[in-house]
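Scope of the values below: all heavy atoms of this structure, side chains included, with no hydrogens, waters or symmetry mates. We number each residue from 1, following the sequence as shown.
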Amino acid sequence: MRRLLSLSILVSLGLSLLGASLLAAPPAVARPCDAVRLYDDTAASKILATRRPFVPTNRDLFYSFDRADWADVAPLHYAEGPGLTDDETRDQLRAFLQRRFPCSPQRVREGLDVFSHPTARQKIPDPTLRAALAALTGTIGEPAIGYLLTQAPVTTIHFGIVAQYGEGLPNGPRATVYPSRDGTFEMVFDGRLRFDPFGSFSALLFHEALHVEFPPAMPAAGDQPDDVGLPEEATAVALESLVYMQMILTDPTIARVPDLLTRVGSNPLAIVRLNSGIAGTDRLNVFVPDGVANLDPVAVGPVTEFYEFYPSLMFDGPGDPAWRALETHGNPLLAAVLPALAESGQSPPDRPDFDRATLEFIDQNQAVLSPGQLLAAACILELDVPCA
């Protein structure tokens, strides 16, 4: 199987998790409190408008199972243990948050409080995954912290085997959520990844949280929750890509992890998202009508719009028509996240679901990363852009 990946209202943790603190649009000259090196927005906007689609200059940050002309790239490699202790992980999380919030010690404390929260320790005993959740502090995915810990019916988040009914071994996805008949969920991450840095998991953890349904939206008692269609997956990966770029802007080393999660999942997702824009604009669009350029340099077949990225990585093609048409319930996390994307004069759908209306809103709104930050992310991924 090929490459699988699988904020207006913040849910209270009983902590001081107030506000999203999204990365602000950068000035032309960086201030001392800027957390990452940024680029001039005007120049970056022109590059996005005229030089896409970008391609990798360092193919060892990506991987292809299918393209013969990629046979010379470095092999995938899984990190080996032993893993960090709880205290060592907390120290790394503190350093990460200090890079993101160099002039806001309060926000650093809030992120560390998530890591030490009693409910977090119960639900997420592994310190790497607990730090991954805490590292969402200050990203568009921050509402997932409260949602997973105090609101959603999630009993545990842990490493293990990611397998579906009838399977005994991992079969592609790096993580998934398993619904139980009592309406609760568990979230499982591929145990082969357990020694990766915590920042590698944050965006994917946020993605999986979008698949956790809130009890009032679930079917009648005794039934399984409804299935997941392309609109839901396309929404999840579109939002996941933004979180991932925010993560690598804080810690660029995340993009250099040599295993399947990063080189087959997160980095290709980011490059397709960066490339997915209407020609002549600096936009990140979901839909590119009549697009002809291939946005995915790792894929065999052309991917001409972001909406087709997930079917391409899942099926090497468009996928089942019924799956493509399946629209599903939204959840409180989706409703909490979408307002952060809204540009001037725009607002997300009321009570959003995973449907065409939500996708069209995401297509037209991306008030999260500025052109300069997008260019910085492209430089971290070592794409063919000027990175002075």
Side-chain angles (χ1 to χ4, degrees), residues 5 7-11 19-25 45 48-49 52 136 139-144 147 203 206-214 217 226 228-246 269-270 272-291 295 303-311 323-371 373-374 377:
L5 297 177
L7 286 166
S8 64
I9 303 172
L10 288 178
V11 182
S21 293
L22 294 176
L23 295 171
S45 178
L48 291 165
R52 293 188 291 181
L136 290 172
T139 73
I140 191 178
E142 183 169 359
Y147 183 66
F206 165 70
H207 171 132
E208 295 302 330
L210 289 167
H211 294 317
V212 176
E213 297 182 356
F214 197 58
D226 59 7
V228 175
L230 176 56
E232 183 168 334
E233 291 291 6
T235 299
V237 292
L239 297 174
E240 176 190 356
S241 66
L242 299 178
V243 174
Y244 181 68
M245 284 189 273
Q246 288 181 302
L269 170 64
V272 176
R273 189 77 160 107
L274 284 166
N275 281 341
S276 297
I278 302 296
T281 75
D282 62 3
R283 309 292 297 179
L284 300 187
N285 297 107
V286 174
F287 305 108
V288 183
D290 303 318
L295 311 179
V303 177
T304 59
E305 62 178 358
F306 186 80
Y307 189 63
E308 296 301 330
F309 172 74
Y310 193 85
W323 172 77
R324 292 181 64 89
L326 179 63
E327 297 185 341
T328 51
H329 294 298
N331 65 14
L333 178 57
L334 178 66
V337 168
L338 290 184
L341 276 71
E343 298 181 8
S344 179
Q346 302 296 313
S347 58
D350 294 332
R351 300 174 62 90
D353 288 322
F354 294 107
D355 56 16
R356 185 76 181 195
T358 293
L359 284 163
E360 289 179 348
F361 171 79
I362 296 172
D363 177 75
Q364 295 298 314
N365 292 270
Q366 196 281 107
V368 178
L369 296 171
S370 70
Q373 290 169 319
L374 294 175

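With a 4.5 Å cut-off on side-chain heavy atoms, Val286 and Gln366 do not count as touching. Side-chain contact between Val228 and Thr328 is absent, with no heavy atoms from C-beta onward closer than 4.5 Å. Using a 4.5 Å cut-off on side-chain heavy atoms (C-beta onward), Val288 and Thr304 make no contact. Looking only at side-chain heavy atoms (C-beta outward), Leu374 and Met245 come within less than 4.5 Å of each other. Using a 4.5 Å heavy-atom threshold, the side chains of Leu341 and Phe361 count as touching. Contact annotation: the side chain of Val272 never approaches that of Tyr310 to less than 4.5 Å [non-hydrogen atoms, C-beta and beyond]. Counting heavy atoms from C-beta on, the side chains of Glu343 and Asn365 come closer than 4.5 Å. For the pair Pro371/Leu48, a side-chain contact is recorded, criterion being any heavy-atom separation below 4.5 Å from C-beta on.
Checked by atom type and distance alone, the side chain of Asn275 never pairs as donor or acceptor with a backbone atom of Arg52 at under 3.5 Å. Checking side-chain atoms of Arg273 against main-chain N and O of Ala238 turns up a donor-acceptor pair under 3.5 Å.
Residue Leu136 comes nearest to Gly141 through the heavy atom pair CD1-O, 3.8 Å, listed as atom of the first residue, atom of the second, then distance. Thr139 and Gln246 get closest at one heavy-atom pair: CB-OE1, 3.2 Å. Here the shortest heavy-atom pairing between Pro231 and Phe354 reads CB-O, 3.5 Å. Minimum interatomic distance between Leu334 and Pro352 (heavy atoms only, all atoms of both residues): CD2-O, 3.8 Å. Here the shortest heavy-atom pairing between Asn285 and Gln364 reads ND2-NE2, 4.2 Å. Listed here is the closest heavy atom pair of Ala144 and Leu333: N-CD1, 3.4 Å.
Interatomic distance, Asn331 CG to His329 NE2, rounded to the nearest 0.5 Å: 11.0 Å. Rounding to the nearest 0.5 Å gives a distance of 7.0 Å between CH2 of Trp323 and CD of Glu233. For the atom pair Phe306 CZ and Asp363 CG, the distance stands at 11.0 Å (nearest 0.5 Å). The CG atom of Asp355 lies 4.5 Å from the OG1 atom of Thr358; values are rounded to the nearest 0.5 Å.
With no hydrogens or angles considered, a side-chain donor-acceptor pair links His211 and Glu232 at under 3.5 Å.
The side-chain contact (heavy atoms from CB on, under 4.5 Å) check on Arg356 picks up Phe287, Glu327, Glu360, with sequence neighbours excluded. With sequence neighbours excluded, no residue forms a side chain to side chain donor-acceptor pair (under 3.5 Å) with Asp353.
Looking at Glu308 and Arg324, a side-chain N of the basic residue comes within less than 4.0 Å of a carboxylate O on the acidic one, giving a salt bridge.
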For this session: Decide side chain to side chain contact (heavy atoms under 4.5 Å, CB included) for Leu239 and His207; before the verdict, give the C-alpha distance in whole Å, the side-chain angles of both, and the deciding distance to 0.1 Å.
Result: CA-CA 7 Å; Leu239 297 174; His207 171 132; over 6 Å; no
For this session: Evaluate the criterion side chain to side chain contact (heavy atoms under 4.5 Å, CB included) for residue pair Leu338 and Ile362; output intermediate values, then yes/no.
Result: CA-CA 8 Å; Leu338 290 184; Ile362 296 172; 4.0 Å; yes
